[in-house]
Amino acid sequence: MSLRLLLVAGAALGLAGCAAGTAEAPPGPIFSADAEPISAEVIGVDGAVIGAVDLHEGPHGVLGEVNLQAGAIAPGWHGLHIHQVGDCSDIGTFTNSGGHLGLIPGGHGLMNPVGPEAGDLPNLYAASDGSASMEFFTSLFALSDLRDEDGAAMILHQNRDDHISQPIGGAGPRIGCAVLD
């Protein structure tokens, strides 16, 4: 066998071995810059409107903006997540919103090696007057993922999310809710 033939055969076998050992990643969200934006009011535990959320989809993910009025929440860090069900009707607890979007057993948290879940978002910081403004970007979900038969909700938590411990990063009770549809 010629040296040239041996080199070609070796290269082909090497490429075949690489292809065979490659795991195919699961399909991710499909984004559309033409997706209709989502705007929603955020309500607090007493049912009063405390702010607003706006979500806009681009070709590579979702850009979100959350604004809370003065006195809306306690100063400091608060966990923020997207939940599976667009239902904020149980004022005070907001448990009708279900679990996190894209729930992965043991996978909660942006820093979790098993996760993150699609609904994991960065923490929100409230100023000393209880107001807050934040902008975030995520490629973990598309707006179409929120517009299924039961919708979705953005949930604001009382405490900071540590982004790794289970099941919700120590974020505590739900103190705000917005129906996203």
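- In plain terms, the two heavy atoms of V114 and G106 that are nearest each other are CB-O, 3.7 Å.
- Both V45 and V53 belong to a single network of hydrophobic side chains, linked directly or stepwise wherever heavy atoms of I, L, V, M, F, W or Y lie under 4.5 Å apart.
- Contact annotation: the side chain of L80 never approaches that of P122 to less than 4.5 Å [non-hydrogen atoms, C-beta and beyond].
- Using a 4.5 Å cut-off between side-chain heavy atoms of Ile, Leu, Val, Met, Phe, Trp and Tyr, with links allowed through other members, L55 and V49 fall into the same hydrophobic cluster.
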- Check the pair S144, F31 against side chain to side chain contact (heavy atoms under 4.5 Å, CB included), reporting the backbone distance first and the verdict last. CA-CA 8 Å; S144 61; F31 301 108; over 6 Å; no
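- Two residues are said to be in side-chain contact when any heavy atoms from C-beta on lie closer than 4.5 Å; I73 and L124 meet this criterion.
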- Which is it for V66 and M154 under the side chain to side chain contact (heavy atoms under 4.5 Å, CB included) test, yes or no, and what are the steps along the way? CA-CA 10 Å; V66 180; M154 184 192 76; 3.9 Å; yes
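- Looking at heavy atoms from C-beta onward, D150 lies out of side-chain contact with Q84 at the 4.5 angstrom threshold.
- No chain of hydrophobic side-chain contacts below 4.5 Å, direct or via other Ile, Leu, Val, Met, Phe, Trp or Tyr residues, connects L146 to L140.
- For the atom pair N123 CG and M134 CE, the distance stands at 8.0 Å (nearest 0.5 Å).
- Atom CD of Q166 has more than 12 heavy atoms from other residues, nucleotides or ligands within 6.0 Å.
- Distance alone, capped at 3.5 Å, is enough to place a donor-acceptor pair between the E57 side chain and the L143 backbone.
- Evaluation of the side chain to side chain donor-acceptor pair (under 3.5 Å) rule for N67 yields E65, S133 as partners, not counting sequence neighbours.
- In terms of heavy-atom proximity, P113 sits nearest to I164 at CD-CD1, 4.3 Å.
- Side-chain contact check for C88 versus N96: every heavy-atom pair is 4.5 Å or farther apart.
- For S131, the side chain to side chain donor-acceptor pair (under 3.5 Å) partners are D129, not counting sequence neighbours.
- Of all the heavy atoms in L121 and F136, the pair that sits closest is CD2-CE1, 3.5 Å.
- The hydrophobic clustering, which links ILVMFWY residues whose side-chain heavy atoms are closer than 4.5 Å, places V62 and V179 apart.
- Contact annotation: the side chain of R160 never approaches that of H78 to less than 4.5 Å [non-hydrogen atoms, C-beta and beyond].
- The CG atom of N112 lies 8.0 Å from the CD1 atom of I104; values are rounded to the nearest 0.5 Å.
- Side-chain contact between H83 and R174: present, with at least one pair of heavy atoms (C-beta onward) separated by less than 4.5 Å.
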- Task: Starting from the C-alpha separation in whole Å, work towards a yes-or-no answer on side chain to side chain contact (heavy atoms under 4.5 Å, CB included) for I155 and F94.
- Result: CA-CA 8 Å; I155 295 293; F94 305 123; 4.0 Å; yes
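- Pairing each heavy atom of D145 with each of L101, the nearest pair is O-CD1, 4.3 Å.
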- Message: Evaluate I43 against I91 for side chain to side chain contact (heavy atoms under 4.5 Å, CB included), listing each step before the verdict.
- Response: CA-CA 8 Å; I43 58 171; I91 305 296; 3.5 Å; yes
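- Looking only at atom types and distance, the side chain of D161 has a donor-acceptor partner in the side chain of H81 under 3.5 Å away.
- Contact detail for A178 and A40: the closest heavy-atom pair is CB-CB, 4.2 Å.
- Nearest heavy atoms, C177 versus A153: SG-CB, 4.1 Å.
- Taking the six-membered ring for Trp and thresholds of 30 and 60 degrees, H100 and H108 have ring planes inclined between 30 and 60 degrees apart.
- A side-chain N or O of S89 and one of D87 form a donor-acceptor pair less than 3.5 Å apart.
- By the 4.5 Å heavy-atom criterion applied to side chains, I38 and D181 are not counted as neighbours.
- Within the 4.5 Å cutoff, no side-chain heavy atoms of D120 are placed close to those of F141.
- Although no hydrogens or angles enter the test, the distance criterion places a donor-acceptor pair under 3.5 Å between the side chain of D162 and the main chain of S165.
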